[in-house]
Amino acid sequence: MNTNQTQQSTGSSLAQTATSGIQQETFYYDNKSVKFFAYATLFWGLVGMTAGLWAAFSIAYPQVNLGWAPTTFGRMRPVHTNAVIFAFVGNAIFCGVYYSLQRLCKTRMWSDKLSKIHFWGWQALILLGALSLWGGFTQGKEYAELEWPFDIAITLLWLAFGANMLGTILKRRVSHLYVAIWFYIGTWVAVAMLHIVNSIAIPQSFLKSYSWYAGVQDALVQWWYGHNAVAFFLTTPFLGLMYYFVPKAANRPVYSYRWSIIHFWSLIFIYIWAGPHHLLYTALPEWAQGLGTAFSIMLIAPSWGGMLNGLLTLRGAWDRVREDAILKFMVVALTCYGMATFEGPMLSLKSVNAISHYTDWTIAHVHVGALGWNGFLAFAMLYWLMPRLFNTNLYSKKWANTHFWLGTLGIIFYVIPLYWAALTQSLMWKKFTPDGILQYQFMETVTTIQPMYVLRGVGGLLYISGLILMIVNIWKTVKQGKFVANEQSQASPLPKKYESHGKKEHWHGWIERRPVQLTVLSLIVVGIGGIAEMIPTFLVKSNIPTISSVQPYTPLELHGRNIYIREGCYVCHSQMIRPFRDEVARYGEYSKAGEFVYDHPFQWGSKRTGPDLARVGGKYPDSWHYNHMLDPTSMTSGSLMPSYPWLFTDRIDKMKTYDMIKVMKKLGVPYPAGYENNANKDLDKQAEKIKKSLEKDKIKVSKNEEIVALIAYLQRLGTDIKNEPKKESITD
Amino acid sequence: MSVMLILLGASLVVSLIFLAAFIWSVKDGQYDDDFSPAHQIFFDEKPKSKI
């Protein structure tokens, strides 16, 4: 009878078995946390994918933006990405880790309290975070949009999770750390580092901050973080889960355990260095770009090692794949993992990247991995695990199989139209007429691929309908089952290898006996402190302008830039002209590193759903921008861009100018001393100019309307280098 | 570009942590037996003694 064991839930008792004198301890696995994380995975999966569906259809049909800020693509997209990555994948990771870690260590999670804090804290974080993103509170950096209070909360919760994992590992009854556990540990260490380094920002107010880094440096940090987030949040924890759940589901041991060890260690060493492949053909030094490409190619080996090891684990079980939806999901998940980890390195080659960057190919690539690897493996895990938690069978195997087909078709309909769209658009962008002028307007390339956006939306619809079927299936399974909150198990404790002087000395004694590790760890700790002290100096110094004509943004332009960031303009518009003939012809002089030294955060973007804006300054009159933001189709027929009517009714808050300038100065932007006290004077002057120029085109506007600030910002972009001819010194 | 000092530094720190972990795991004899672990994960069925 294991239903009334709550009082024994954290304890363990010694009991002698009838056979030999081997002491077996009885203990109880915590299934409650696993169940909660599982429910959260399904719930946030639905929310996150619905946000994605909305985003997808709002590109194809701009009316879907509804003319309302929260549902506009620029805000919906970060809700989608954060929800599917941190809420769906995140909860799936925790669900699988809490389930497998306990059983691999043959012990209960170290602290029930931490488990609770972790679970409820994470859900609160997601909920409030989503609301904040819809509200336009964003740091303007992809997959790191959440503002600084959330960043702090994430750090604390991650520490709680790590402590709980470490405590569990330390009180394990199995001395060998199964390969999955190594993946979990590696994940934890890397994510902690990435999150902390990339999130460093100076706050202006409770929900507004600016990246500590600027321009090129910010781009570097961002994509070092971004790629490693893929590596250590979307890949390594799921590989850990794979190494546990695939053998369990197939009832076959891992094909080659030795191979899994090699795969793990080589993967985590190589992955960290692949980040620069997000910055090919930008101002990043050539050697860094090359490093990223080289390591990305090398990464194929360990990645495919994992895929093949997983697939070959099904040797002798392929007949069951035909019948078992769980195994089907796993096979496709592993295959998609292999596809994505081949495609990724290919996209890291400069010649391929020249064509793919800023196109939908990147999105297609992401979703092969996200829908195929992450989604399908999460589904497989939950289908396997939920019936076991409830001591029953899955309600409907048939539905699970239907889900598999819906999901697979969904992936295909998602990915293939985008491949077509990407190649078509990229080649159109690059086409010149025989006379040497660009053949296509940007708008033509968009109109051509719009049908593909519709098909992609259909793919998402199929995928999400599979998820809905799963939710019903799991709900019915839960209803017919009997939950085991604390699952009893037995195992003998680890043999005591050494004499310890009592519990208090345990970990300390361990490290004392290992002087090498002690030294290394101490060096690391000291090194971190040293780095933290030395780096700020370097950073501030290196933000000295290398192009003398580049000046800080004016106060009005800073307000406008904040609006640009708030509305997520950077998710559709890039600000980085690459040194290609077609880009220079279309957008102007290619972008120099020195132009971005005051951009906190950088806004280079990753995608051109709309044209690049790096040199949009001065291209169109103020009235063009006015009309374009109010109704894009009035200026560009057939435009898929949403309207922004609230920019014409909302006002900028001039009280904020003081804090804005102060924070910028703290970040090293060279405003004159005391400028924060007079900044609004300049703001008013510049706004008045724009108001007058709009009046010339018969447009009446109050000078404090947000649109005026945005126009000021847009008209500034890319114009600085035209001011002082040939005085550029590009040194860094 | 000097932000690379942070990135390289942090990456190296993490790599060194991984290296230390690898050395520990080999020294601790974690990989002396590379056959049993793959099979051990199947031995967690319901305990024999039911109270």
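Predicted model, so just to flag it, every value in this text is computed and none were measured.
Using a 4.5 Å heavy-atom threshold, the side chains of Y31(B) and H176(A) count as touching. A heavy-atom distance below 4.5 Å is found between the side chains of I6(B) and W212(A). By the 4.5 Å heavy-atom criterion applied to side chains, P253(A) and F42(B) are counted as neighbours. In this structure, the side chains of L177(A) and S25(B) stay at 4.5 Å or more apart for every pair of heavy atoms. The shortest distance between side-chain heavy atoms of W265(A) and L19(B) does not fall below 4.5 Å. Residues I41(B) and Y243(A) form no side-chain contact, since every pair of their non-hydrogen atoms from C-beta on lies 4.5 Å or further apart.
Going from atom OG of S260(A) over to atom CG of D34(B) covers 9.0 Å, rounded to the nearest 0.5 Å. The CG atom of L12(B) lies 9.0 Å from the CD1 atom of I272(A); values are rounded to the nearest 0.5 Å. Note that CZ of F22(B) and OG of S266(A) are 10.0 Å apart. Values are rounded to the nearest 0.5 Å. For the atom pair CE of M4(B) and CG of L220(A), the computed distance is 5.5 Å after rounding to the nearest 0.5 Å. Taking OG of S11(B) as the reference point, atom CG of L194(A) lies at 8.0 Å (rounded to 0.5 Å). For the atom pair W182(A) CH2 and F18(B) CZ, the distance stands at 10.5 Å (nearest 0.5 Å).
Using a 4.5 Å cut-off between heavy atoms, L104(A) contacts chain B through its side chain alone, with no backbone atom that close. In this structure, chain B has no heavy atom under 4.5 Å from any part of N198(A). For Y244(A), the parts sitting under 4.5 Å from any heavy atom of chain B are the backbone and the side chain alike.
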Next item on the list: For L7(B) and Y225(A), run side chain to side chain contact (heavy atoms under 4.5 Å, CB included): C-alpha distance rounded to whole Å, both residues' side-chain angles, the deciding distance at 0.1 Å, then the answer.
Entry: CA-CA 9 Å; L7(B) 300 184; Y225(A) 159 84; over 6 Å; no

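Top candidate by heavy-atom pairs under 4.5 Å with chain B, chosen from V174(A), I268(A), D218(A), I196(A), is I268(A). Options V254(A), I261(A), V216(A) differ in how many heavy-atom pairs under 4.5 Å they form with chain B, and the most are formed by I261(A).
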